Protein chains: 2
Amino acid sequence: MSLRHGLLGLLAEGPASGYDLARRFSQALGSVWPAQHPQIYSELVRLEAAGLIEVESTGPRRRKAYRITDAGLTEVRRWLAEVDVDHTFRMEVLFRAYFYWLMEPEDLKAHLAAEQRFFAETAAALRGYADTKDRGEWGTSKQTRAMRIALEAGVRINEALAGWAQWAQETDVMTAEDFGTAKPDDGGGEPA
Amino acid sequence: MSLRHGLLGLLAEGPASGYDLARRFSQALGSVWPAQHPQIYSELVRLEAAGLIEVESTGPRRRKAYRITDAGLTEVRRWLAEVDVDHTFRMEVLFRAYFYWLMEPEDLKAHLAAEQRFFAETAAALRGYADTKDRGEWGTSKQTRAMRIALEAGVRINEALAGWAQWAQETDVMTAEDFGTAKPDDGGGEPA
DNA sequence: GAACGACATGTAGCTTTCGACATGTCATCG
DNA sequence: CGATGACATGTCGAAAGCTACATGTCGTTC
């Protein structure tokens, strides 16, 4: 239930509406933890019922802003301090790599080139954004600094994957004579 | 529905039982796309009903091995060639980073040190495994070579994250005077 | 004043995924 | 021959998450 704690964490920065939170998730946050608005609105209802958040104000266009309660703040801190980090991740890009041998060599080349471009562009965009933080354009609040740390991870991962895609194109592992041809031979196997 | 195609991809390497496939997912594959056995067994039933796989043999202990059909092979190839890659990923480690400002500085230090250790160890383990592939201990089949490419991505990501965790510990972003103290001030904000 | 687009919140139904429970098979070792 | 542990397959129900649908508000612009 990471979404629950993510919403609490965002509300710890200050009151926000479901719409605000959904926007946050559609931006940087959404690239490490996707969430759509129906999920957010219904989780907010549950959080309110649990007393972890409360309605702060109602604005125009039936806007409803929530504020985190003391219990909510305690809960998100407990999560950060006590709950073990789940190190597994879900990443279709890498998942597909296990099946590259089924692709036609030309398709694979094109695919890897596109991936390299994508990751390099994403890394550059994140790097540019990180630079604005370093220039102090967002202030120096602790939230901004935490976001800067998260951003750095995004930059490094995307750079790493751009490098990987380039390496894969250059390496002969995929250009060897029989690569990408049709029928299965025997498996590769994996260790524990 | 990536699991569906993942199972087809694994079965393209050769016949396997649900138990075999679950073991594959509990190893390297599971760190980029987690899947438990109930999901695998029920997906296999659906795949068989769709004619994409068929029962190859039944062995001892009511073992049931499946084989991919021509339709299944076509389908997994279609997926690889035609379906757009979903570049979003789900990664709790990074998600948490957005909320680091809520942690006590000492807890955060310890957390980052543990993360660095974890990623460095994982990277080293994967690197060692990749080396055995490079020494040809698993043969030179196309599957092995594709797995080598996937493995390289795992190595690079884990190295990148180990470097990130180290950087975060060394950077003053988190050691600045007010970092990690209790109450919200004002938000950092995010761009589109 | 009509149309449009951004703001804003929700419901319904479906698929995916997970944890817990349940069962049966076979080899090995004491 | 009984216990243990790895092998092997499943069911059930709940939670999580997604897509599509539905509705309403407000400011701007033609």
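When reading the values below, keep in mind they use all heavy atoms of this one structure, side chains included, and skip hydrogens, waters and symmetry mates. Since we're looking at a predicted model, the values are computed, not measured.
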To which residues is Met1(A) joined in a hydrophobic cluster, defined by side-chain heavy-atom contacts under 4.5 Å among Ile, Leu, Val, Met, Phe, Trp and Tyr, whether direct or through other members?
->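 Cluster partners of Met1(A): none, it stands alone.
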Of all pairs that satisfy side-chain hydrogen bond (donor to acceptor under 3.5 Å, both in side chains), the ones with a partner from residues 41-52 of chain A, not counting sequence neighbours =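 For residues 41-52 of chain A: Arg4(A)-Glu43(A), Glu43(A)-Arg46(A).
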Hey, could you give me each pair passing salt bridge (Lys or Arg N to Asp or Glu O under 4.0 Å) that has a residue in residues 157-166 of chain A? Not counting sequence neighbours.
-> Arg127(A)-Glu159(A)
With Arg156(A), which residues qualify under salt bridge (Lys or Arg N to Asp or Glu O under 4.0 Å), at least two apart?
->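 Glu152(A).
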Mind calculating the distance between CG (Leu21(B)) and P (dC7(D)) to the nearest angstrom?
->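 Leu21(B) atom CG is separated from dC7(D) atom P by 15 Å.
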Among pairs that include at least one residue of residues 9-34 of chain B, which meet ring pair (Phe, Tyr, Trp, His ring centres under 6.0 Å), considering only residues two or more places apart or in two chains?
->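 Checked against ring pair (Phe, Tyr, Trp, His ring centres under 6.0 Å) - neighbours excluded - the pairs reaching residues 9-34 of chain B are Phe95(A)-Trp33(B).
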What does nucleotides 7-17 of chain C look like as a protein-contact string, B for base, S for sugar-phosphate only, - for none, at under 4.0 angstrom between heavy atoms?
-> BBBBB----SS
